[in-house]
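Here is the structure we will look at.
Protein chains get the first letters and strands the later ones, always in sequence-line order, with residue 1 at the start of each. Only heavy atoms go into these numbers, but all of them, side chains included; no hydrogens, no water, no symmetry mates.
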Number of protein chains: 2
Amino acid sequence: MAETARQIADDLRARISSGELTPGDRVPGEPALVREYGVAKETARRALTLLVDEGLAVRRRGSGTYVREFRPIPRVANKRLAEDGWGAGKSIWDADLGDRQYTVTDLQVYESEPPRQVAKLLELDESELVVVRSRRYVVEGEPVQRATSYLPARDVRESPITQENPGEGGIYGRLADLGLKPVRFTEELRARMPSQEESSLLALSAGTPVVEICRVAFTANGRPIEVNQMLLDAGVYVMRYHLES
Amino acid sequence: MAETARQIADDLRARISSGELTPGDRVPGEPALVREYGVAKETARRALTLLVDEGLAVRRRGSGTYVREFRPIPRVANKRLAEDGWGAGKSIWDADLGDRQYTVTDLQVYESEPPRQVAKLLELDESELVVVRSRRYVVEGEPVQRATSYLPARDVRESPITQENPGEGGIYGRLADLGLKPVRFTEELRARMPSQEESSLLALSAGTPVVEICRVAFTANGRPIEVNQMLLDAGVYVMRYHLES
DNA sequence: GAGTGGTCTAGACCACCGT
DNA sequence: CGGTGGTCTAGACCACTCT
């Protein structure tokens with residue numbers, strides 16, 4: 001009877017995917033599994049850990065283990081195409097229940113040396129500084145994203161971009177005022193497990209990956225004017241892109 | 001001295017990010033940690049498990065635990081824009097070492113009922129069938145992606161799309177022959193932990209998320225003509241998108 | 001206070017890898 | 001073969017939640 005923990009996890013997984021246990025339901029806990037399967041507590045624990053690590057369940061200390069709920073927020077990279085394009089509002093995942101309100105917290109604006117990679121993407125000379133705008137987004141009380149923008153200090157230092165509130169249209173509006181309107185973008189995405197720091201920053205439950213997005217904005221001249229590094233809770237987001245040709 | 005496992009993991013993590021341990025290096029193993037920290041084997045094990053679950057380390061049974069290597073393959077969604085656009089070849093992650101060769105394995109072509117979600121995306125009537133093309137991609141001997149295409153059977157049943165090799169230009173070429181050339185696409189991405197099945201399908205090491213991509217192709221008439229569901233090893237891919245306006 | 005998850009120990013046995 | 005990871009047990013103590 002080797003592989004007991006996996007066996008128990010398989011059983012529970014089956015009960016979840018069959019619908020016997022639905023999102024929000026309580027999964028049999030450690031003591032229950034000890035009784036039902038006649039295993040040691042650590043083994044029952046390992047079984048539950050497998051589910052948690054797959055993102056299927058969530059532990060609540062002192063209360064129990066529950067089937068995870070998944071109500072994704074759609075992140076639409078190119079809204080314009082999405083709106084007059086085809087397939088708008090269609091989704092494999094039920095992500096239509098969108099437009100929940102963002103709140104911005106922990107906004108920080110400061111000038112500093114850019115990370116090496118950012119300096120390269122912005123084509124900055126040695127020792128050129130950047131204006132950094134960092135913030136967290138919160139939805140329904142839960143932090144879901146951290147975003148950090150980098151802009152060449154020499155271009156934006158004197159503009160409202162260095163203010164906490166850059167005004168109507170946000171920083172892209174102000175860049176437009178400066179004749180540096182972003183018109184093309186590159187986004188690079190990567191998914192991975194979070195570090196402990198990132199995990200607490202986004203209040204992630206175990207078994208939740210993060211999506212790292214690096215967005216570079218270019219002006220009409222083809223000059224990179226902003227790098228935005230985002231870190232998203234993968235359990236909360238669905239990313240959507242519209243492409244042509 | 002509570003939280004011992006996390007403490008040990010923190011130490012090791014620090015040694016990795018400081019560069020003392022570099023990708024490919026051997027991490028101190030369970031017996032070593034038992035000696036160095038004077039903890040039980042299970043505790044040392046838990047410490048290593050934390051690193052593995054973060055994707056920082058890989059276990060090799062009978063050999064040791066090693067710092068993971070990350071050499072991403074770039075997946076460029078819209079090549080045309082990428083090529084004449086700006087920012088081509090720029091990347092935060094060292095993903096330029098691309099163009100490693102794909103091999104296609106386990107190609108299967110068959111006709112069947114579509115999954116409910118796929119039927120909805122393809123706007124199929126009740127009981128309409130789809131042609132399914134499923135395959136795995138292998139790079140340097142390692143499976144990295146599974147892709148499953150669904151096309152309305154009534155449109156493509158008589159075409160070479162039902163052949164294993166649909167000929168020059170692939171299935172998009174044949175769709176063009178049929179006057180059903182795809183010109184717009186929607187891609188929806190989501191990252192999550194894999195199920196056990198998916199994990200073995202892609203030979204994933206523990207702590208590696210997957211990226212699920214659902215791509216819908218539309219003809220010039222705005223008709224959905226293909227749904228492609230992909231499952232990528234997140235430890236291997238970087239997704240890149242180019243956007244305008 | 002009873003029930004639940006969180007962490008740890010000390011020891012056992014097995015499977016696999018490399019020399 | 002010795003070293004390494006893989007799994008399990010039985011019991012301990014703690015921290016938190018809910019009623």
Are any of R45(A)'s side-chain N or O atoms less than 4.0 Å away from OP1 or OP2 of dT4(C)? no

Should the pair R192(B) and F70(A) be classed as cation-pi, given the thresholds of under 6.0 Å to the six-membered ring centre and 45° from the axis? no

Does a side chain donor of either Q7(B) or Y37(B) reach within less than 3.5 Å of an acceptor in the other side chain? no

Between dG6(C) (P) and Q7(B) (CD): distance, integer Å: 19 Å

Nearest-angstrom distance from the residue atom CG of L33(A) to C1' of dG3(C): 15 Å

State whether T43(A) places a side-chain N or O below 4.0 Å from either non-bridging phosphate oxygen (OP1 or OP2) of dT9(D). yes

Quickly work out the R46(A) CZ to dT9(D) C1' distance and round it to whole Å. 9 Å

Check nucleotides 12-18 of chain D for protein N or O atoms closer than 3.5 Å to its own N or O atoms and list the pairs.
from	atom 1	to	atom 2	distance (Å)
dA15(D)	O3'	R61(A)	NH1	3.4
dT17(D)	O4'	G62(A)	O	3.2

Rounded to whole Å, how long is the line connecting atom CG of L48(B) with atom C1' of dT7(C)? 16 Å

If you draw a 6.0 Å radius around CD in E111(B), do more than 12 non-hydrogen atoms from other residues or ligands fall strictly inside? yes

Output yes when at least one side-chain N/O atom of T65(B) is less than 4.0 Å from OP1 or OP2 of dG5(D), else no. yes

Just one of V67(A), L56(A), V58(A), L33(A) clears the side chain to side chain contact (heavy atoms under 4.5 Å, CB included) bar with V27(A), so which one? V67(A)

For E36(A), does the CD atom have more than 12 heavy-atom neighbours from other residues, nucleotides or ligands under 6.0 Å away? yes

Closest approach of P114(B) to A119(B) (non-hydrogen atoms, all atoms of both residues): CG-CB, 3.8 Å

Would you please say whether a donor-acceptor pair under 3.5 Å links the side chains of T49(B) and R59(B)? yes

E197(A)/R13(B) salt bridge by N-O under 4.0 Å criterion: no

Let me know the distance between CD of E30(B) and C1' of dA15(C), rounded to the nearest Å. 13 Å

Can you tell which of dT9(D), dT4(C), dT4(D) lies closest to the side chain of V39(A)? dT9(D)

Go through residues 200-209 of chain B and report each residue with a non-hydrogen atom lying under 4.0 Å from DNA chain D, sorted by number. none

With R75(A) as the cation and Y237(A) as the aromatic partner, state whether NZ or CZ is under 6.0 Å from the six-membered ring centre and within 45° of the axis. no

When you measure from the side chain of R59(A), which nucleotide among dC8(D), dG6(C), dC8(C) comes out closest? dG6(C)

